[in-house]
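Read through the structure below, which is laid out as structure tokens, and then see the notes.
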Amino acid sequence: ARDAVHSNPALREPALALLRQNARPCADDVLQAVRSLRLERWVYIGDTTTHSQLLEMRDDGNAYAVKTLTTPLKDMLGVSSAVIECGLLEFQGQIICDGLLRLHAELGPNYRRSFKEALAACRAQGRLYRDRLLPAGLDQQKR
């Protein structure tokens, strides 16, 4: 379902309308989380004690501190850094990973070092987000 909505965004609102009309409708915060879903390739940098660190796949991309529902990304992936595809969404003031992962490439030590430097630059420039996802491709002048 996630991939279908990503391929055809026009499916999202009719699906959400059905969830609202259900005998046991979804809570508004769940519906809003589905609306915020961004399915993309991300650079997974690693885990801290509280979250996983992901970078957008652009030179001027943003970084996100992401929560997983039950299992840290490192445990799910079996690697310490990688290029992955997954969905991120906003839920109750946090960024959550949907847990449906595709591993595209494990990163070697040199790539990992350069992406850690990019993460540090994002943090220093105030572009590490914990509570919201920016629209894909949002450049710095529009922030």
Side-chain angles (χ1 to χ4, degrees), residues 1-20 22 25-143:
R2 178 195 74 176
D3 292 344
V5 169
H6 180 70
S7 297
N8 184 359
L11 296 174
R12 186 177 313 210
E13 288 307 317
L16 290 171
L18 287 173
L19 289 173
R20 281 191 294 272
N22 195 347
C26 283
D28 288 340
D29 58 353
V30 173
L31 296 173
Q32 190 57 38
V34 172
R35 242 182 226 106
S36 72
L37 178 68
R38 275 185 60 191
L39 174 62
E40 294 188 23
R41 285 187 184 179
W42 308 92
V43 178
Y44 163 63
I45 304 299
D47 292 329
T48 70
T49 57
T50 60
H51 61 269
S52 297
Q53 300 169 327
L54 298 177
L55 286 171
E56 291 177 331
M57 294 279 301
R58 298 181 296 122
D59 286 340
D60 66 341
N62 300 298
Y64 295 96
V66 177
K67 299 281 187 172
T68 55
L69 297 177
T70 57
T71 307
L73 286 180
K74 183 176 181 179
D75 293 347
M76 283 192 268
L77 293 165
V79 299
S80 58
S81 59
V83 175
I84 63 171
E85 182 177 321
C86 67
L88 300 184
L89 45 93
E90 298 173 16
F91 183 68
Q92 296 183 350
Q94 299 180 79
I95 302 170
I96 307 292
C97 175
D98 68 2
L100 303 173
L101 306 174
R102 287 188 183 110
L103 175 63
H104 288 278
E106 184 175 352
L107 300 178
N110 291 334
Y111 277 119
R112 183 173 182 172
R113 186 172 23 264
S114 69
F115 285 123
K116 280 186 168 189
E117 290 169 2
L119 175 65
C122 285
R123 188 178 290 118
Q125 296 166 7
R127 295 186 296 119
L128 172 63
Y129 298 94
R130 300 172 185 278
D131 59 348
R132 65 187 170 114
L133 288 167
L134 298 179
L138 187 64
D139 67 20
Q140 291 182 343
Q141 285 103 15
K142 295 181 182 177
R143 288 192 194 126

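Note that these values count all heavy atoms, side chains included, but never hydrogens, waters or copies made by symmetry.
Between Y64 and W42, the ring-plane angle classifies as perpendicular under the 30° and 60° cut-offs.
Pairing each heavy atom of C86 with each of L101, the nearest pair is CB-CD2, 3.5 Å. Between G61 and C122, the shortest heavy-atom contact is O-SG, 3.3 Å. Scanning both residues, A65 and H51, for their nearest heavy atoms gives CB-CD2, 3.3 Å. Taking all atoms of both residues into account, the shortest heavy-atom contact from V43 to M57 is CG2-SD, 3.3 Å. Nearest approach of K67 to T50, heavy atoms of both residues: NZ-O, 3.0 Å. Closest heavy-atom contact between A4 and L11: O-CD1, 3.7 Å.
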Item to check | Test side chain to side chain contact (heavy atoms under 4.5 Å, CB included) applied to L69 and I96, step by step | outcome: CA-CA 7 Å; L69 297 177; I96 307 292; 3.6 Å; yes
Next on the checklist: Apply side chain to side chain contact (heavy atoms under 4.5 Å, CB included) to residues D131 and Q94 and explain how you reach the verdict.
Outcome noted: CA-CA 4 Å; D131 59 348; Q94 299 180 79; over 6 Å; no
Checklist entry - Where do I45 and K116 land on the side chain to side chain contact (heavy atoms under 4.5 Å, CB included) test, with the steps shown first? => result CA-CA 7 Å; I45 304 299; K116 280 186 168 189; 3.8 Å; yes
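In this structure, D3 pairs ionically with R102, as a charged nitrogen and a carboxylate oxygen lie closer than 4.0 Å. Taking a cutoff of 4.0 Å between a charged side-chain nitrogen and a carboxylate oxygen, E56 and R38 qualify as a salt bridge.
Within a 6.0 Å sphere centred on OH of Y111, other residues, nucleotides and ligands contribute 12 heavy atoms or fewer. The neighbour count for D75 CG, taken as heavy atoms of other residues, nucleotides or ligands under 6.0 Å away, is above 12.
The side chain to side chain donor-acceptor pair (under 3.5 Å) search around H104 returns R41, E85, not counting sequence neighbours. By the side chain to side chain donor-acceptor pair (under 3.5 Å) test, E106 is found to be paired with no residue, residues two or more places apart in sequence or in another chain being considered. Residues satisfying the side chain to side chain donor-acceptor pair (under 3.5 Å) criterion with R20, sequence neighbours excluded, are absent altogether. In this view, D47 and Y44, S52, P72, L73, K74 satisfy the side chain to side chain contact (heavy atoms under 4.5 Å, CB included) rule, not counting sequence neighbours. Residues meeting the salt bridge (charged side-chain N to carboxylate O under 4.0 Å, His left out) test with R12, sequence neighbours left out: none. For R123, the side chain to side chain donor-acceptor pair (under 3.5 Å) criterion is met by no residue, not counting sequence neighbours.
Between the S36 side chain and the E90 main chain, a donor and an acceptor come within less than 3.5 Å of each other. R132 places no side-chain N or O within 3.5 Å of a backbone atom of I95 that could act as its donor or acceptor partner. The main-chain N or O of G108 is never found under 3.5 Å from a side-chain atom of R113 such that the two would form a donor-acceptor pair. The main-chain N or O of G93 is never found under 3.5 Å from a side-chain atom of R130 such that the two would form a donor-acceptor pair.
Atom NE2 of H6 sits about 11.5 Å away from atom CG of N8, to the nearest 0.5 Å. The distance from atom CG of L100 to atom CE of M76, rounded to the nearest 0.5 Å, is 9.5 Å.
For the side chain to side chain contact (heavy atoms under 4.5 Å, CB included) with C97, the qualifying choice from T68, L89, T71 is T68, the only one to do so.
Looking at L37 and V5, their side chains never come closer than 4.5 Å, going by heavy atoms from C-beta outward. Looking at heavy atoms from C-beta onward, N62 lies out of side-chain contact with L133 at the 4.5 angstrom threshold.
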